[in-house]
Amino acid sequence: MKKTTWYFLLLLLLCPFLPGRGQGQSKPAADLVITNAKVWTVDKSLPSAQAVAVLGDRIVAVGSNGDVDAWRGPNTKMIDAGGKLLLPGFNDAHVHFVSGGQQLDNIQLNDATSREEFARRIAERAKAAPKGEWILGGNWDETKWNPPNIPTKELIDASTADNPVFVSRYDGHMGLANSVALRLAGITAKTPDPPGGTIVRDARGNPTGALKDAATDYIEKVIPPLTHDQRVKVVKRALAHAASVGVTSVQHMVASYEDIAVYSELLQRGELTTRIYAAPLITHVDDQAKLGIGHAFGGPYLRIGALKAFADGSLGSGTAYFYEPFLNQGNNRGLLSDEMHPISLMRERMMKADAARLQICTHAIGDEGISTILDLYADVIKAHGDADRRFRIEHAQHMAAKDFDRFAQLHVIASVQPYHAIDDGRFAESHIGHDRASRTYAFRTFLDHGVRLAFGTDWEVAPLNPLLGLYAAVTRATLDGKNPNGWFPEQKLTVAEAVEAYTMGSAYAEFQENEKGSITPGKLADMVLLSDDIFSIEPMKIGDAKVLKTIVGGKLVWDASAAPVRQGGK
Ligand SMILES: [Zn+2]
């Protein structure tokens with residue numbers, strides 16, 4: 001063989017990404033080829049296709065069945081998609097992965113439609129639980145009850161004398177403790193409200209059991225932490241659930257070091273089937289700053305280098321921080337979080353984080369909460385100069401009209417959860433009135449101003465299923481069925497925009513847009529095959545579509561046809 005031919009063969013071996021046309025025999029065969037799919041790539045250079053070839057963990061070819069055929073070899077695994085829709089894997093930009101996994105085992109109160117039902121379910125769980133075991137979880141939502149009053153410990157005390165109970169409101173900003181839990185936490189009439197928190201009290205000053213925001217820390221401190229083995233089990237449940245709903249990447253907000261240790265252990269054992277970007281609290285900024293790692297440090301399955309901060313609370317708990325008071329709540333205009341007391345403390349931490357090239361993701365919901373964080377971000381940029389920092393505001397729920405432009409100018413990413421919009425849309429106007437509600441989860445306005453969106457769920461606060469999020473963004477049909485044509489319908493997105501926010505948008509939000517987020521040769525082979533073409537079915541049916549197959553790094557991690565029938569759907 002001539003020298004030049006050898007050179008050519010060598011080149012082919014070294015460059016598996018060369019577009020293969022008519023050189024089928026000298027090219028390595030693909031490990032996986034998917035044909036007959038309706039591929040929506042989220043890649044503007046080739047928006048749709050029919051087939052995809054995967055070599056190792058990467059996509060090597062996207063095109064027609066014919067284009068990709070040359071990649072077939074004797075050992076290539078073939079998937080005939082039968083004309084179904086193939087999308088890039090969903091990337092959930094905001095989850096609480098471990099509490100999500102725990103929730104799969106916890107008591108479920110979200111669909112309790114009365115206080116009696118709420119009390120009955122807790123009593124039932126207590127009866128079955130060993131003495132002393134904590135009863136946790138809940139996600140109760142008193143707005144579904146009549147009257148919609150915040151529950152008190154009297155409702156559950158009699159049936160839970162042997163078990164501490166702490167059940168959370170669905171927004172995670174309030175919880176109800178029974179008397180056993182209050183006693184363990186040492187909360188009495190004399191306990192002061194902590195900064196950024198409220199112990200709800202009756203007319204005589206006694207705690208009712210309801211605790212808001214930072215006050216929940218009193219209880220959380222006395223709940224025994226998960227053991228390592230329990231945590232491994234919980235993460236594995238979460239991984240399996242993520243695979244079953246087509247989530248191939250998650251961005252874990254408020255990850256603990258114990259969580260990261262479990263991820264790293266599972267990674268080493270080859271058992272991580274969801275890619276994870278973990279963001280511990282900004283109160284721990286010194287640790288990551290000391291390492292000098294910068295943002296998005298790690299490998300394709302596990303990265304760190306982000307920090308999660310809190311500006312305020314939530315709308316439903318009356319703790320989101322607004323310029324004007326809530327309606328019908330006296331002078332209450334919400335609370336800045338304990339991390340913001342004083343604001344200079346937050347500024348200092350952000351400066352430190354930015355100097356260490358760490359990414360900052362700040363929870364901010366009320367208009368003044370958001371505005372204050374934009375001020376701080378601007379301070380950081382002014383102090384340190386231009387850089388590709390990708391500051392994020394998590395939730396960005398109720399925007400002041402003046403701040404959309406600033407959001408764009410500072411290149412801040414709106415990391416938003418469309419499911420919250422159809423959930424909060426049930427009551428937002430009664431809390432803050434029409435004008436402020438019109439800028440609530442204002443996805444269209446964000447896009448019009450050139451702000452990048454990243455979609456997620458806030459799981460365990462909302463279901464992890466991305467199809468429900470797409471449904472929410474496209475229809476804005478509130479969960480109470482009262483807005484079938486959309487709550488503030490001018491803020492609806494197209495299916496293509498929503499899919500992009502849930503794939504490329506989230507990938508950009510974690511500095512991974514060159515690695516994932518679209519079905520493009522060279523990128524990681526993370527894809528989902530859906531039961532229905534969400535681009536052509538009735539938008540109201542998008543949430544009912546199912547994930548048939550989930551592929552992460554070229555490996556099939558979920559196959560509905562091989563799985564036992566699931567109960568309940570969501
Ligand atoms: Zn969250």
Side-chain angles (χ1 to χ4, degrees), residues 90-103 106 110 136-139 141 168-175 196-197 212-214 216-217 220 234 238 241-242 247 249-256 259-260 274 276-284 306-317 319-321 334-340 359-366 369-370 373 391-398 412-424 440-441 453-466 468-469 472 501-502 506 509-510:
F90 293 105
N91 183 336
D92 192 314
H94 185 128
V95 296
H96 305 284
F97 207 56
V98 172
S99 13
Q102 274 181 286
Q103 189 200 52
N106 274 345
N110 190 261
L136 299 168
N139 281 334
D141 181 358
S168 301
R169 191 172 189 273
Y170 77 102
D171 64 0
H173 289 271
M174 198 189 316
K212 292 186 180 185
D213 283 292
T216 62
D217 295 350
E220 265 140 32
V234 161
H241 183 59
V247 172
S249 290
V250 294
Q251 301 175 39
H252 181 166
M253 296 293 127
V254 201
S256 70
D259 298 338
I260 296 172
T274 311
I276 298 171
Y277 186 35
L281 275 179
I282 198 165
T283 50
H284 302 301
L307 293 161
K308 170 74 185 298
F310 280 91
D312 61 356
S314 79
L315 179 73
S317 291
T319 51
Y321 192 58
L335 292 169
L336 283 175
S337 77
D338 47 355
E339 294 168 22
M340 298 283 279
Q359 188 182 18
I360 305 171
C361 317
T362 309
H363 164 121
I365 287 187
I370 295 168
I373 294 304
F391 284 145
R392 298 164 48 153
I393 289 190
E394 305 300 315
H395 314 304
Q397 197 163 322
H398 308 286
V412 176
I413 295 163
S415 168
V416 293
Q417 302 75 34
Y419 191 87
H420 287 352
I422 60 170
D423 197 348
D424 288 7
T440 291
Y441 280 133
L453 296 178
F455 271 3
T457 56
D458 211 3
W459 187 50
E460 84 288 4
V461 180
L464 184 64
N465 181 355
L468 296 175
Y502 228 131
S506 301
E510 57 161 337

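Counting convention: from 1, in listed order, for ligands and their atoms alike. Model, not experiment: these values are computed from the prediction.
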Q: Restricting to N/O/S, name the atom of His96 that gets closest to the Zn ion (ligand 1).
A: NE2
Q) Side-chain donor-acceptor pair under 3.5 Å between Ser317 and Asp171, yes or no? A) yes
**Q.** Atom of Asp458 closest to the Zn ion (ligand 1), considering N, O or S atoms
**A.** OD1
Q. Among side-chain atoms of Asn91 and Glu510, is any donor-acceptor pair under 3.5 angstrom?
A. yes
Q) For the ring pair His94 and His363, is the centre-to-centre distance below 6.0 Å? A) no
Q.
With a cut-off of 2.8 Å, does His395 put an N/O/S atom close enough to the Zn ion (ligand 1)?
A. no
(Q) Against Met340, only a single residue in Leu335, Ile373, Asp312 fulfils side-chain contact (heavy atoms from CB on, under 4.5 Å); can you say which? (A) Ile373
